[in-house]
Structure formats: structure tokens, C-alpha cells
Amino acid sequence: MAYCINCGAQLQENSKFCASCGTPTNNDVHHENAKRKLVYDGEIHKCPSCGEALDSFVVVCPTCGYELRGASTSNSVREFAAKIDGAQTDTQRVNIIRSYPVPNTKEDIFEFIILASTNITGEQQKKVFDAWLVKFEQSYQKAQLVMKDSPDMARIKAIYDKTHKQINKEKLFRNAKAAGDTISKSSNLIGKIFLLIGKSAAVIAGIVLFIVAINIDGRGGNSSMHELIGVILLVASAATLTRRGASFLEILIGAGSGGLSFYLANHLNNGSMLQLGGAVVLIIVAISFFKKLAKKEDK
């Protein structure tokens, strides 16, 4: 049976024009296209007892009162969850989550939002967390389109709001932990600096005495005592480098004090004592350096 493509009226057999509206039928070319077709899409869920069509999320038939049992998650959501559980690496998990299409039916959207919300909270890997969050937001937007006039949307929104509250709590906790770690590292660094300053106190005191000696010598005074004490402090500090197992940084400081002695000696009328002391310090430091290298190679 053929129908008019313009008004839908039934066409007489082999007619070239519609009797109702006069539209050409093109009967000889498009006869098959003029036939009205019924296309069915999706699934209709019916009560197994009375055959009544059931709405989403119904567990008891509204017509006969039959209790529906054995209802399970959709195949797509169940298969998706199985793939996630079977993923071996975080990269695989991210790819599975990103490639999963958001469902269209109310039940499937509801099941997926529950699944996503439970996986988002507590996730430590940022890439996996971001993938879940994006898909969670997409499923919520789909729910707003599909279920905007449905009372079930309130349940979806409750899960959405609760999940975001938990996410914000976890972000605050992670930020606080990161701040605590930063403060702890800074405290350790400051402690190491003060410890290094303490170990280098003799070097610092010797350099200060050299500077005082230069000022005294510049005013025409006798600075030999300051020079002598300064040299003794530098040499004594250098001599303890090997015994106390000094670090390479402490050895570098010792070498720097020896070189600085040579430099400051140029600012004295007679800087021979500083030059001698600097040479002794550099020799001791060099011996300590090579001993430390030898111990490191033995290990």
C-alpha cells in the first residue's frame, strides 16, 4: 500500500498524482520510497506478570503489584566496570574511561554516575582522577537533558553534590599535606644550614680576624696577633675535616678559606703569615679531599 509523501493520503494503484493534494507520486521511480514505514528504537520493559509497560527505576509493577527481582546493571556499565578492574596500568584505565560513551537511558546514567562517584573519591593518580571527573561531569549533563522533568533527577543531583563536597575535602587535605611537606623540607634545609655554619665557625672566625687585621694594619697598627690567631683557626678547622668525616661542601668551604687567605694577604703590608697559613690550609684540604674520594671508591 502506497501513501502520498506530502499529505499522507492513500494513493490509488498506478496513480501519477495524489487525489487529495495533487502532489506527483513518481510512481514509476519512487514507488518503494512512497511507502510508509514504522521504525522501532530502544527497548520496552514490561511486567513479566501482567505485561504492563514499566517506567524507569520501578521495582514493583504499578498495575498488578508484582515485585520485580533479578534487575541488574546494564550490560554496557557492567562491561565497562569489568574492563576497569582488569586494567593493568593507569594509562589503560585512563583510555578506557575516556573512550566510554555516556549512556542514554535513565537506569544506565544512574548506574554510571554511582560507579563514577565511588571511583573519583580517594583516587590518588591525577590522570585517572581527571578522566573520571570529566566523564562524571558529562554523565551529569546528560542526566540534565534526559531527566530534567523527572523526580529521579533529584537523586542524581544529590549524588553529584555529595561527590563534589568530598572532592573539595580531599583537595584541601592534599593541599594541607603538600604545605606541611614544604615546611618540613624548609625546616630541614634551615637546620642543615645552621649545622654547616656551626661546623664552619672556626673558618668564619678566622676570616673575621683577617678582616680586623687588615683594618688595624691600614691604620698603622700591629696586626700580627690577629693574623696568627686567624691562621691557627683556619689550619685547625682544616685539620679536622678528615677526622669528622666532612662533606664535600665543607671541604669546598675549607678550600675557599685557604684561597681567601691568599687574597687578603695582598691587603697587608706584610701578608706572608696569611700566605703561609693559606698554603697549609689548601694542602690539608687537598689531602682530605683525596682521602674522601678513596673511601668513596672503596665502598
Legend entry - Lys/Arg-Asp/Glu bridge criterion (N-O < 4.0 Å) met for D181, K185: no
Inset, instruction - Determine, for R93 against D90, whether the closest basic-nitrogen to carboxylate-oxygen distance falls under 4.0 angstrom. - result: yes
Inset, instruction - Scan N119, V134, I167 and name whichever one has a side chain to side chain contact (heavy atoms under 4.5 Å, CB included) with F129. - result: I167
Inset, instruction - Measure across G277 and V235 and return the closest heavy-atom pair with its distance rounded to 0.1 Å. - result: O-CG2, 4.2 Å
Legend entry - Residues, nucleotides or ligands: over 12 heavy atoms within 6.0 Å of F248 CZ: yes
Inset, instruction - To the nearest 0.5 angstrom, please state how far the CD1 atom of I253 sits from the OG atom of S257. - result: 9.0 Å
Inset, instruction - First locate atom CD1 of I114, then atom CZ of R155, and finally report the distance between them rounded to the nearest 0.5 Å. - result: 7.5 Å
Legend entry - Criterion side-chain contact (heavy atoms from CB on, under 4.5 Å) on V231 and S261, from CA distance to verdict: CA-CA 9 Å; V231 168; S261 298; over 6 Å; no
Legend entry - I156 to A143 - nearest heavy-atom pair and separation: CG2-CB, 4.0 Å
Inset, instruction - Could you please spell out the steps behind the side-chain contact (heavy atoms from CB on, under 4.5 Å) verdict for N95 and T91? - result: CA-CA 6 Å; N95 291 334; T91 301; 3.8 Å; yes
Inset, instruction - Before accepting this row, confirm whether a basic side-chain N of the pair D161/K157 lies closer than 4.0 Å to the acidic partner's carboxylate O. - result: yes
Inset, instruction - Hey, could you give me the CG/CG distance between L264 and D217, rounded to the nearest 0.5 Å? - result: 12.0 Å
Legend entry - Spacing of CD1 belonging to I109 relative to CE belonging to M147, to within rounding of 0.5 Å: 6.5 Å
Inset, instruction - Return the orientation label for the F112 and Y100 ring planes: parallel under 30°, perpendicular over 60°, tilted otherwise. - result: parallel
Inset, instruction - For G254 and V281, work out which heavy atoms get closest and say how close. - result: O-CG1, 3.5 Å
Legend entry - Within one Ile-Leu-Val-Met-Phe-Trp-Tyr cluster: I214 and L228, side-chain cutoff 4.5 Å: yes
Legend entry - Considering all heavy atoms, the nearest S139-V102 contact: CA-CG1, 3.7 Å
Legend entry - Verify same cluster id: M273, I232 (apolar side-chain graph, 4.5 Å): yes
Legend entry - Spacing of C21 atom SG and N6 atom CG [to the nearest 0.5 Å]: 4.5 Å
Legend entry - Cluster check L282, L260: I/L/V/M/F/W/Y, side chain < 4.5 angstrom: no
Legend entry - Check against side-chain contact (heavy atoms from CB on, under 4.5 Å), L268 and L274: CA-CA 9 Å; L268 294 171; L274 265 67; 3.9 Å; yes
Legend entry - Chi angles and distances behind the side-chain contact (heavy atoms from CB on, under 4.5 Å) call for F80, D85: CA-CA 9 Å; F80 170 74; D85 292 338; over 6 Å; no
Legend entry - Check: K169/Q166 side-chain N/O donor and acceptor closer than 3.5 Å: no
Inset, instruction - Check the angle between the aromatic planes of F136 and Y160 and answer parallel, tilted or perpendicular using the 30° and 60° thresholds. - result: parallel
